[in-house]
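Reviewing the structure listed below.
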Amino acid sequence: MTKLCRYGLLGSEKPGLIDSSGTIRDLSGLWDDVTPEHLSPHSLAQLAKIDTATLPLVEGSPRFGVPVSHVSKCVCIGLNYADHAEEAGLPIPQEPIVFLKAPSALCGAYDDIPIPPHATQMDWEVELGIIIGSTARYVTEADALNYVAGYCIINDVSERSFQMQSSQWDKGKGCDNFGPVGPYLVTADEIAEPQQLRLWLDVNGTRRQDGSTATMIFSVRQIIAYLSRYMTLLPGDIIATGTPPGVGMGHKPPLWLQEGDEIRLGIEGLGEQKQTLIRWRQ
């Protein structure tokens with residue numbers, strides 16, 4: 001159907017749509033923003049009837065924000081690729097490992113990543129993101145994909161020294177800009193099979209991750225059904241589904257991100273991201 005985005009300066013983003021030529025079209029004449037309510041099946045079906053050529057062109061190369069506003073939660077699945085669990089020296093999970101990334105960590109796909117003042121082990125993780133379109137409670141695996149508005153790229157930026165301080169990983173995942181999302185939301189009808197997507201990540205031009213969602217331990221269907229047993233998934237909620245091997249922690253010796261490093265990452269059909277590590281400034 002389409003690719004939805006939010007473009008503009010932080011805090012002043014406008015709703016947009018990416019047309020077939022890759023150009024941003026302004027949706028602000030129809031929507032005030034890309035809100036969770038706009039992700040319902042009915043709303044997306046109405047949008048699909050619009051002739052995109054009638055929408056105003058957006059000039060230049062504006063910043064991309066998080067592709068949906070007012071995200072209530074970002075739920076993450078850990079160690080969801082067997083070879084990633086192996087490189088981390090951890091057992092293959094028997095059921096999904098669940099943790100939360102603070103909504104304040106979410107940022108645009110090309111925003112800089114500030115290194116916290118006391119960070120020493122900054123790491124990267126390319127992940128397939130699911131964006132929920134309909135309220136999901138106790139759903140079955142067979143019905144799970146019906147609750148998906150679309151998919152996106154997520155870089156689950158991690159500070160391993162924070163993460164490993166306790167059995168709870170949230171501290172190492174929730175710092176500012178530790179969750180680049182986007183650059184856009186690709187509606188679910190454009191992704192025929194979410195378990196057949198190639199995903200990759202480069203650091204300073206060197207390929208560090210190169211995998212496929214086909215090797216996920218728990219599929220998109222299984223993740224949505226599982227999570228809906230323990231929490232209500234609301235429209236606009238984002239789920240990060242885990243990362244393939246090649247993270248900095250898995251190298252011997254480990255490779256940690258430093259100030260000035262550039263991360264580029266992408267997923268088949270979902271575009272690309274790029275971030276630069278910068279020194280944290282108050």
Side-chain angles (χ1 to χ4, degrees), residues 3 5 64 66-67 74-88 90 96-97 99-101 105-113 115 121-131 150-160 163 169 172-175 177-186 191 193-220 223 238-251 254-258 261-277:
K3 298 176 175 67
C5 68
F64 283 99
V66 178
C74 180
V75 189
C76 305
I77 306 299
L79 302 178
N80 196 27
Y81 290 71
D83 34 13
H84 173 52
E86 181 181 355
E87 73 173 355
L90 296 168
I97 294 174
F99 62 93
L100 296 176
K101 185 178 283 283
L106 305 181
C107 67
Y110 297 92
D111 290 352
D112 292 335
I113 299 171
I115 303 171
Q121 299 178 354
M122 295 285 292
D123 208 345
W124 59 83
E125 295 188 9
V126 58
E127 307 203 5
L128 171 66
I130 306 165
I131 301 182
Y151 301 94
C152 64
I153 305 169
I154 298 175
N155 186 357
D156 179 16
V157 181
S158 307
E159 173 36 65
R160 303 300 186 189
Q163 180 182 351
W169 293 357
K173 303 285 191 170
C175 299
N177 289 32
F178 270 28
V181 181
Y184 36 71
L185 176 161
V186 179
I191 305 299
E193 178 47 76
Q195 302 308 145
Q196 296 291 335
L197 302 177
R198 178 173 169 261
L199 60 173
W200 57 269
L201 182 145
D202 295 346
V203 179
N204 298 327
T206 299
R207 183 61 43 95
R208 296 300 183 188
Q209 292 184 275
D210 196 346
S212 169
T213 59
T215 64
M216 287 167 55
I217 299 169
F218 304 104
S219 69
V220 169
I223 289 169
I238 298 173
I239 303 171
T241 59
T243 196
V247 300
M249 179 176 64
H251 287 78
L255 297 175
W256 306 125
L257 293 165
Q258 306 295 326
D261 284 351
E262 181 183 275
I263 310 171
R264 294 182 65 93
L265 58 153
I267 300 180
E268 180 183 356
L270 302 181
E272 296 186 9
Q273 295 187 357
K274 183 177 75 172
Q275 299 100 33
T276 301
L277 278 287

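Computed from heavy atoms alone, side chains included, the values below leave out hydrogens, waters and symmetry copies. In this chain, numbering begins with 1 at the start of the sequence shown. Computed from a predicted model, the values in this text were never measured in an experiment.
- Between Asn80 and Thr241 the shortest heavy-atom distance is ND2-O, 2.9 Å.
- Here the shortest heavy-atom pairing between Gly150 and Leu185 reads CA-CD2, 3.9 Å.
- Residues Cys152 and Ile131 form a side-chain contact, since some pair of their non-hydrogen atoms from C-beta on lies under 4.5 Å apart.
- You'll find the side chain of Trp124 reaches within 4.5 Å of the side chain of Leu255, heavy atoms only.
- For Glu159, there are no salt bridge (charged side-chain N to carboxylate O under 4.0 Å, His left out) partners two or more places apart in sequence or in a different chain.
- Asn155 is linked by a side chain to side chain donor-acceptor pair (under 3.5 Å) to Gln275, counting only residues two or more places apart in sequence or in another chain.
- Contact detail for Ala105 and Gly174: the closest heavy-atom pair is CB-O, 3.7 Å.
- The closest side-chain heavy-atom distance from Met249 to Trp256 is below 4.5 Å.
- Taking 4.5 Å as the limit, some side-chain heavy atom of Val75 sits within range of a side-chain heavy atom of Leu100.
- The minimum heavy-atom distance between Gly246 and His251, with the atom names listed, is O-CE1, 3.4 Å.
- You'll find the side chain of Tyr151 reaches within 4.5 Å of the side chain of Val220, heavy atoms only.
- Applying the salt bridge (charged side-chain N to carboxylate O under 4.0 Å, His left out) rule to Arg207 yields the partners Asp202, Asp210; only residues at least two apart in sequence or on another chain are considered.
- Distance OH/Tyr81 to OG1/Thr215: 5.5 Å, rounded to 0.5 Å.
- The only member of Ile263, Leu257, Asp261 that meets side-chain contact (heavy atoms from CB on, under 4.5 Å) when paired with Asn204 is Asp261.
- Checked against salt bridge (charged side-chain N to carboxylate O under 4.0 Å, His left out), Glu272 has the following partners two or more places apart in sequence or in another chain: Arg264.
- Formation of a donor-acceptor pair under 3.5 Å by the Asp123 side chain with backbone atoms of Gly248 is found in this model.
- Taking the six-membered ring where the residue is Trp, Tyr184 and Phe64 present perpendicular rings, their angle passing 60° and hence far from 30°.
- Considering Val157, Asp111, Ile154, Leu265 in turn, Val157 is the only one that fulfils the side-chain contact (heavy atoms from CB on, under 4.5 Å) rule with Pro180.
- Atom CG in Leu106 sits 8.0 Å away from atom NZ in Lys101 (nearest 0.5 Å).
- In this structure, the separation between OG on Ser212 and CD on Gln195 is 8.5 Å, given to the nearest 0.5 Å.
- Annotation: the span from Glu268 atom CD to Leu128 atom CG amounts to 11.5 Å, rounded to 0.5 Å.
- With values rounded to the nearest 0.5 angstrom, Ile77 atom CD1 is found 7.0 Å from Ile239 atom CD1.
- Considering only residues two or more places apart in sequence or on other chains, Lys173 meets the salt bridge (charged side-chain N to carboxylate O under 4.0 Å, His left out) condition with Glu125, Asp156.
- Ile217 has its side chain out of reach of Leu79: every pair of non-hydrogen atoms, C-beta onward, lies at least 4.5 Å apart.
- The structure places CD1 of Ile115 at 4.5 Å from CG of Leu277, a figure rounded to the nearest 0.5 Å.
- Shown here for Leu199 and Pro244, the closest heavy-atom pair between the two residues is CD1-CD, 3.8 Å.
- Here the side chain of Thr213 pairs a donor or acceptor atom with the backbone of Gln196 at under 3.5 angstrom.
- For Gln209, the side chain to side chain donor-acceptor pair (under 3.5 Å) partners two or more places apart in sequence, or in a different chain, are Thr243.
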### Query
Does the side chain to side chain contact (heavy atoms under 4.5 Å, CB included) test come out yes or no for Phe178 and Met122, once each step is laid out?
CA-CA 10 Å; Phe178 270 28; Met122 295 285 292; 3.6 Å; yes
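- Glu127 places a side-chain N or O within donor-acceptor distance of the main-chain N or O of Gly242, the cut-off being under 3.5 Å.
- Minimum heavy-atom separation, Ile113 to Asn177: CG1-O, 3.7 Å.
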